[in-house]
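When a residue number appears, it is its place in the shown sequence, counting from 1. Just so you know, these numbers use all the heavy atoms, side chains as well, and skip hydrogens, waters and symmetry mates.
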Amino acid sequence: MIITIILLILIIWLLLANIRIVPQASAYVIEHLGKYKTTWNAGMHMKVPLLERVSKRVSLKEQVLDFPPQPVITKDNVTMMIDSVVFVYVFDPKLFTYGVENPIAGLQNLSATTLRNIIGDMELDQTLTSRETINGKMQAILDEATDPWGMKVTRVEIKNIQPPKEIEEVMTKQMRAERERRQTVLEAQAHQEAVVSRAEGDKKAKILAAEAERDAQIALAEGRAKSIQLVYDAEAEGLKALRAANVNDSVLKLKGLEALKEVSDGRATKIFMPTDLSGVISTLGVAAESLGIGDTTPVDKTPKPEVQTEFDPCISEETSEEGRAAAQTTSAINHAMSTHDFKF
């Protein structure tokens, strides 16, 4: 009875000791008497005691392998340090276990040799500006080379490229010169735009000044024409009023004498008189004075007082001679109209 219990306990212990639970995203490689038997995926499994064993536990997750910087030589004999990162995952645990002794170390060495081969066909400037090309070539070569190892290379990234210090100094000087060139070009463009803008502004200002001068001359001409028209209209209205008043010959003769008086204001040396004016003068008793008999009025040879023109705010130093003449004419007409007295 005791032996039976011991055997049962031993059997239960053996069963429990040989139960294996495989976690998610993992795989166990099982060997039977040293020979590959099967691959366990996630879940609970049981192996045969003493006959089977777990040869390798493999993670199926994608791994990021950051390899140390590798010295490489470019086509133009420049030695630089390049640091790369490889993204890989295991798609076949059996091949990963039996394909190569140390898959990670093999991938590292393969990555270094592939990187040297790719960079050896490129010059320095092309290496610094062709990261995408290098990444694509390395990913294709490594993926094909690791297929027998049960590994899938999803992508390769060049993390850092470190050229020699001498090359860095030359590149720094080149970058500084390029930036100074861009600054000079930008300053020249800004100066050109400023000159063009200033010229366009001067052009517009001159155009506006010419238009203002033209409008002023037009306004002066229109004012002059309107003032002349008003004078003629006033004279026409006066004639209409005289015609409507039915004046007699005596009044007309009196108006003629008043006009003659204005003409002969003492400064004229010659007077043109109508043919019938002698009869009028004889009837009015001024024949002696007109013939020089008796007291005569001496000729006033002093200059006529000049008419003071009014200040015109539209006249400036830039106004042309035609504009000034038009303004003076308009001022004289306005003065004449303000001092003219129509007597009927």
Side-chain angles (χ1 to χ4, degrees), residues 1-72 81-120 131 134-160:
M1 188 69 182
I2 295 175
I3 296 175
T4 304
I5 294 174
I6 292 174
L7 290 176
L8 289 175
I9 292 174
L10 183 59
I11 293 172
I12 293 173
W13 177 79
L14 288 175
L15 292 176
L16 294 176
N18 288 276
I19 293 176
R20 296 289 184 270
I21 298 177
V22 181
Q24 184 67 34
S26 297
Y28 288 179
V29 177
I30 306 301
E31 292 181 353
H32 180 76
L33 297 177
K35 183 179 180 181
Y36 172 78
K37 180 181 179 181
T38 185
T39 301
W40 287 349
N41 295 320
M44 187 177 67
H45 302 272
M46 181 177 291
K47 68 182 182 67
V48 178
L50 303 177
L51 300 178
E52 296 179 352
R53 73 182 183 92
V54 177
S55 175
K56 193 175 186 63
R57 293 175 175 85
V58 180
S59 175
L60 302 179
K61 297 178 182 178
E62 186 173 7
Q63 302 178 42
V64 180
L65 305 178
D66 187 2
F67 299 137
Q70 301 293 328
V72 296
M81 302 295 292
I82 298 182
D83 189 6
S84 62
V85 179
V86 179
F87 296 81
V88 63
Y89 71 91
V90 177
F91 69 90
D92 192 337
K94 178 182 178 181
L95 295 178
F96 182 75
T97 303
Y98 302 105
V100 65
E101 181 64 28
N102 192 341
I104 302 301
L107 180 60
Q108 178 179 352
N109 293 326
L110 182 61
S111 174
T113 55
T114 303
L115 185 61
R116 289 190 181 98
N117 292 334
I118 295 175
I119 300 300
R131 293 197 178 193
I134 299 173
N135 295 338
K137 289 182 178 180
M138 286 190 64
Q139 191 270 335
I141 295 173
L142 293 179
D143 185 32
E144 183 180 358
T146 55
D147 281 343
W149 302 347
M151 302 171 65
K152 174 68 176 177
V153 178
T154 57
R155 62 186 303 176
V156 179
E157 293 292 339
I158 299 299
K159 187 170 68 173
N160 187 23

Taking it one step at a time, do Asn18 and Val48 satisfy side chain to side chain contact (heavy atoms under 4.5 Å, CB included)?
CA-CA 7 Å; Asn18 288 276; Val48 178; over 6 Å; no

Begin from the C-alpha positions of Val29 and Tyr98 and carry the test side chain to side chain contact (heavy atoms under 4.5 Å, CB included) through to its verdict.
CA-CA 10 Å; Val29 177; Tyr98 302 105; 3.6 Å; yes

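Residues Thr146 and Lys152 have side chains not in contact (no heavy-atom distance under 4.5 Å, counting atoms from C-beta outward). Proximity of Ile82 to Gln70: side-chain heavy atoms (C-beta onward) are nowhere separated by under 4.5 Å.
Summarising the geometry, atom CD1 belonging to Ile104 is positioned 5.0 Å from atom CD belonging to Gln63; distances are rounded to the nearest 0.5 Å. Distance check: Thr4 OG1 to Leu8 CG gives 7.0 Å after rounding to the nearest 0.5 Å. For the atom pair CG (Leu60) and CD (Glu62), the distance works out to 12.0 Å, reported to the nearest 0.5 Å. Rounding to the nearest 0.5 Å gives a distance of 10.0 Å between CZ of Arg20 and CE of Met46. Between the CG atom in Asp147 and the CG atom in Leu142 there is a gap of 11.0 Å [rounded to 0.5 Å]. Interatomic distance, CZ of Arg116 versus CD1 of Ile118, reported as 12.5 Å (0.5 Å rounding).
Heavy atoms only, all atoms of each residue included: Ala27 and Thr39 are closest at CB-CG2, 4.0 Å.
Under the side-chain contact (heavy atoms from CB on, under 4.5 Å) criterion, Pro103 pairs with Phe96, Val100, Met151, sequence neighbours left out. Judged as a side-chain hydrogen bond (donor to acceptor under 3.5 Å, both in side chains), and not counting sequence neighbours, the contacts of Lys159 are Asp66, Asp83.
A donor-acceptor pair under 3.5 Å is formed between the side chain of Asn135 and the backbone N or O of Ile158.
Open room surrounds CG on Leu50; 12 or fewer heavy atoms of other groups in view lie less than 6.0 Å from it.
The one candidate from Arg53, Lys47, Lys56 that meets the side chain to side chain donor-acceptor pair (under 3.5 Å) condition with Glu31 is Arg53.
The aromatic rings of Trp40 and Tyr28 sit tilted relative to each other, their planes meeting at an angle between 30° and 60°.
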